Amino acid sequence: MTDRPDNTPSTTVSSVAPREGDPKITPELVEDHGLSPSEYELVLNILGREPTYTELGVFSAMWSEHCGYKNSKRLLSLLPTKAPWVIQGPGENAGVIDIGDGLALAFKIESHNHPSAVEPYQGAATGVGGILRDVFTMGARPIAILDSLRFGDLDSGRVRYLFSGVVKGVGDYGNCVGIPNIGGETFFDRGYEGNPIVNAMCLGLMKAKDLIKGEAEGVGNPLMAVGARTGRDGIHGATFASEELSDDSLAKRPQVQVGDPFTEKLLLEASLELIQSGHITGIQDMGAAGITSSASEMAGRSGNGVEIDMERVPVREPGMTPYEILLSESQERMLVVAKSGSANVVREILGKWELEAEEIGRVTDDGLFRVREGDRVVAEIPSLPLTEGCPTYEREGVESDEIRELRCADLTRFNEVDSDQSDAFLKLMSSPNIASKSWVYGQYDTTVRTGTAVRPGGDAGVVRLRGTQRAVAATTDCNGRYVYLNPRVGTIGAVAEAARNLVCVGALPTAVTNNLNFGNPLKPHIYYQFREAVLGMAEACKLFETPVTGGNVSFYNETEGVAIYPTPVIGMVGVVEDVDHITRHAFQDVGDTIILLGDNTDHLGASEYLYVMEDLVAGEPPSVDLLGERGLQHAVLGMTQQGLLHSAHDVSEGGLACALAESALGSGEHPLGIQVTLRDSLPTLPLLFGEAQGRVVVSCDARSVDEVLTLAKRHGVPGRAIGTVAPEDEGFRIDGRATTLEVDVKVLTDRFFGAIPNLMNGAGPS
Amino acid sequence: MRVAIVTFPGSNCDYDLYKCVQLVGGTPEFRWHRETALGEVDVVMLPGGFSYGDYLRAGAIATMSPIMDAVKEFARSGGPVLGICNGFQMLCECGLLPGALLRNRSLLFSSRDVRLRVENASSVFTQEYQVGQILRMPIAHAEGNFHADGETLDRLEGEGQVLFRYADAEGEVVDSANPNGSARSIAGIVNESGNVMGMMPHPERAVEPILGSVDGLGLFTALLSHFSPLGAA
Amino acid sequence: MSRFRLEIRVIPRPGLLDPEGKAIQHALLSLDYEQVQEVRVGKLLYLDVDAASSDEAREGAEAMCRRLLANPVTQDFEIQVQEATEETVPA
Amino acid sequence: MSRFRLEIRVIPRPGLLDPEGKAIQHALLSLDYEQVQEVRVGKLLYLDVDAASSDEAREGAEAMCRRLLANPVTQDFEIQVQEATEETVPA
Ligand SMILES: Nc1ncnc2c1ncn2[C@@H]1O[C@H](COP(=O)(O)OP(=O)(O)O)[C@@H](O)[C@H]1O
Ligand SMILES: [Mg+2]
């Protein structure tokens, strides 16, 4: 079913002669450009004639999934996007929210899955570069990076190669530009074997009044290409990102884009200086589909036209055709609209930062995207139909029988196990999904800019805002296994966990950016996952009052026909009213009381326990009682604000036992023991390792216990003291009605911190 | 105390250092690498970061900048020069300090808190610390593995030019506490005349409780009290 | 069995951006070495290997390059069997 | 004026630890390339320069190496003038 907006051109398009050497437009060529026959017909309608090869390339890029959102747009419109604090919702380079004190926070997440599968280091590095540019083109200075990563299991040499390359790429780029990494996720499951997920998120800070948009304002204003030169890198990357990976695509892989974080750092400083100078009216990253998308989108947003001359674009290699220049995805480039008469000032500012700025065109009033090569026109397309006219589709969606069977699997046999679980516990603690990720964030500069109050390793990262009492917090969350088994429930869980992570550090959740990583949407069971996930996100974001201000869709994450787990990553930001409220996940003092907020259940479905111990991905994922969850979060936030807590940590993968262990071990510097007694009459495995949502482990001074419990009760949250924090040498001990779990803290420390380094060291790539 | 903070394309701890100097009551001023004069200043600081992207060798290309002649002149005339991280790398590259900084032995960028043992508390930079005192502060580098030949190392130790060594929480200089493979666990050194200092860890990131440590403050207050004995701002 | 020294050059593919080469060229220019028109940076590996013949040594190296030493997406490689030392190594 | 291609090898001084070389050897071993006895890693720089003669090109490169391209504390360098392209470049 196609949605056909009125694409009748408002202005007539002149006829454009083909360039010498252009291939003839054939149905095959059109198909190679990813356009369906009906889409091509639309192109013919818009132009009123046959497109040239160059124009076909332009349509192909702009109407790719990556730029045109053709299979996602309709569903995405169901997401809540408004709130009084939202300054800029979806549609710009990044979302922007008001965070008080005249300050605004710009933030966005973006995927670089396909490039990272082909060349993990450069793919990940350029992913970070792109998201930084999205943020600083809004006029905001980047203050934090998060990275959300997923790979196959680490016993494969290929996976270790991808993992180490991606981490190094994320690190090297952000480190060099000097933006602290404050968090993220790292998840391993065979569901991501051939197709890693690499999502990067960036937060930027600005004065609310300094917001600038990617619009081509002011007819006659010069358009300038700024930053690095254009080379033949990544031509058709946007189309490539919209296709499945096959051996074929590896063979004809496009040139890899190489990142240059040093140039990015200069571009960052120059761009902010440009924006401050008042000499420009618009600025946009040349990201996917390069000059084509930045120029046409800027024109589209302002309702103007643009004219650019390919002969004036600074290129890295001789002999580049307009087609290549238009579609190149060379990194570290920007398109700037200068005020008329300001081109020289722009050049001067860029020159100071040892960068180039070249006038390549101007804003026009005819609503056309016109490309020249010197004197002759090589492309002329109405801007609006190009940027907004991409047909959008709603597809058929049906749950796969196979997955339904897994979801409905009978897990009751696990309720009979009562034996000692100490070994299972240690095995879980050394599962790379639960073990410390310090091997990852130890490669990321987390303290540059001297603002990081909570570093990676806790529930959410926190950056203080100089000159105020406030701080911002951010987290990324999604358990793809949950979403795979039940997309709606799993996605609601991701939103709930993100919000829970934020309240645990003392922040009020305020807004969301999201990265929807899915398989091929033309397959009904994938479209089903996508639709359910979006509906779940919409429901949860409405309830938590965390509007979605932007995001990114990455489809076709498949290798040889097998899709990744559907992975709608939630990037959530929150505001800490007073830095004194900041709470961390580690227990602080021996003798403190440990309190569990929320209820344990007999749920074991979709758990890490089943994956690690039984090699099983099955069962219903834990569901979220949205109202109960909201009560819990208000309660925890209230406790942090009243200074009652010494620690707070949410229960997630690995269940209660692992959450307690994470709090006991902290950063590993001062590990502590615990003495906990659980009186629940629940089967042993779900009690220790079940991943029921809506639970937070907090600790406090014995004198504050009553106050904590009273506050919980006032929010309708079940709460009870379950034990105390013990000295390290007294061990880690949990007594249940039918089981006792006791391990040495030193052993626990070794397992938790040593697991990933051990997997990565003794292991060469293959 | 007037402090010139020299910035290069790719410096990224310049602003942190600026704020830190302000915090202790000094007066920081940025100097762009293309300038040729430092002006009237008491101290010169070379900040951390990735000057020229760390391409070729960390710190190498920056030493070719016009301002470096002025920095060398300032150092020769006895002015205190402090290089942190990338700044330390530059000081070695341009010969103001002996040795070189090689890639970390892990081959990975390393970002974490380390502990330093104060080895010499009589330098103008470390006079507010005690010998044997344990300081905690972050490192964040990929090329921090201090290297010099045996003779040079002996001389550095003999002359008290080693200011900080990596140590564990108890102050033991053990290999497991050495984050990058530095020869003899050296984390910071001073030149023979005692006025040029370089260190890999970031004292400017350990100056407020919210950052997790205030152990870096002493370095800056030491310089301040040297130049403004009354502690004037 | 003899010992061979292999010299392997790993070079970024033409057309690919070489930011390090660019930065070095820029630095050389600022030192007035205006004669420098282009700089590309590659990696040099010396491998000492035991093999029955120089051909065997080279073939081994080619396999290693393809599997590990060079990234086929971004790099080309060249192998030179530099010298065979006389000494015979026990197999 | 002709154009010359210089190949400059920057090699860690003998005796210096080469952790990268060791890591590569280790990785090769784990891929069962047991014939590899030692690995050393250096840097390769290709410079295209204009000069009147191959000697002039070499001298220029030596100066660049001493000033910037190699660190005398840790590195040695070797220069090869690889080829002179015929084409004459305007001075
Ligand atoms: N790729 C990464 N980058 C930065 N930090 C990470 C990364 N992976 C994990 N972390 C840190 O480790 C913490 C624990 O990881 P995990 O257990 O997956 O998170 P959660 O608490 O959300 O369940 C995260 O909150 C984050 O701070
Ligand atoms: Mg966790």
Side-chain angles (χ1 to χ4, degrees), chain C residues 1-12 14 18 20-21 23-52 56-57 59-70 75-78 80 82 85 87 89 91, chain D residues 1-12 14 18 20-21 23-52 56-70 75 77-78 80 82 85 87 89 91:
Chain C
M1 275 287 160
S2 310
R3 183 151 300 175
F4 295 87
R5 164 154 299 185
L6 299 164
E7 184 184 299
I8 303 178
R9 302 190 180 101
V10 183
I11 315 155
D18 178 5
E20 178 160 23
I24 293 172
Q25 187 187 358
H26 185 87
L28 290 172
L29 274 182
S30 76
L31 294 177
D32 292 330
Y33 292 111
E34 277 153 20
Q35 70 267 43
V36 181
Q37 303 302 316
E38 209 194 322
V39 181
R40 307 275 296 169
V41 181
K43 199 167 198 158
L44 196 59
L45 301 167
Y46 293 104
L47 267 61
D48 287 348
V49 302
D50 292 339
E56 187 188 296
E59 273 158 36
E62 267 171 21
M64 294 181 222
C65 282
R66 271 193 300 269
R67 282 183 73 183
L68 178 76
L69 302 176
Q75 298 169 320
D76 292 325
F77 60 87
E78 280 169 22
Q80 265 175 33
Q82 258 201 332
T85 59
E87 123 214 23
V89 185
Chain D
M1 277 288 158
S2 310
R3 183 151 300 176
F4 296 88
R5 164 154 299 185
L6 298 164
E7 183 185 296
I8 302 179
R9 293 167 214 204
V10 183
I11 314 156
D18 180 5
E20 185 171 8
I24 291 175
Q25 188 187 356
H26 183 85
L28 288 172
L29 273 181
S30 78
L31 294 178
D32 293 328
Y33 293 110
E34 277 151 21
Q35 70 266 45
V36 182
Q37 304 302 317
E38 211 196 321
V39 181
R40 308 272 301 166
V41 182
K43 197 163 201 157
L44 202 55
L45 301 169
Y46 291 101
L47 268 60
D48 287 348
V49 302
D50 291 339
E56 187 188 297
R58 175 186 299 275
E59 275 159 33
E62 268 172 20
M64 293 180 222
C65 282
R66 270 194 300 272
R67 274 183 80 184
L68 176 70
L69 301 179
Q75 299 171 318
F77 61 87
E78 280 169 23
Q80 262 175 37
Q82 261 200 329
T85 60
E87 121 213 26
V89 185

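Since the structure is predicted, the reported quantities are computational estimates derived from the model, not experimental observations. In what follows, every chain begins at residue 1, and chains take the letters A, B, ... in the order their sequences are listed.
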Donor-acceptor pairs are to be reported for all side-chain atoms of residues 28-38 of chain C against protein atoms at under 3.5 Å, with residues two or more places apart or in another chain.
unit_1  : atom_1 : unit_2  : atom_2 : d
C:Ser30 : OG     : C:Ala27 : O      : 2.8
C:Gln37 : NE2    : C:Gln35 : O      : 3.3
C:Gln37 : NE2    : D:Asp50 : OD2    : 3.1

Proximity breakdown for D:Ile11 and chain C, heavy-atom pairs closer than 4.5 Å = side chain

Which value, rounded to the nearest 0.5 Å, describes the distance between D:Leu47 atom CG and C:Ile24 atom CD1?
-> 8.0 Å

Do the non-hydrogen side-chain atoms of D:Arg40 and C:Arg5 ever get within less than 4.5 Å of each other?
-> no

Which atom pairs, donor and acceptor, lie under 3.5 Å between side-chain atoms of residues 56-70 of chain D and protein residues at least two apart or in another chain?
unit_1  : atom_1 : unit_2  : atom_2 : d
D:Glu56 : OE2    : D:Ala52 : N      : 3.4
D:Arg58 : NH1    : D:Ile79 : O      : 3.1

Measure D:Glu20 against the heavy atoms of chain C and call it side chain, backbone, both or neither at under 4.5 Å.
-> side chain

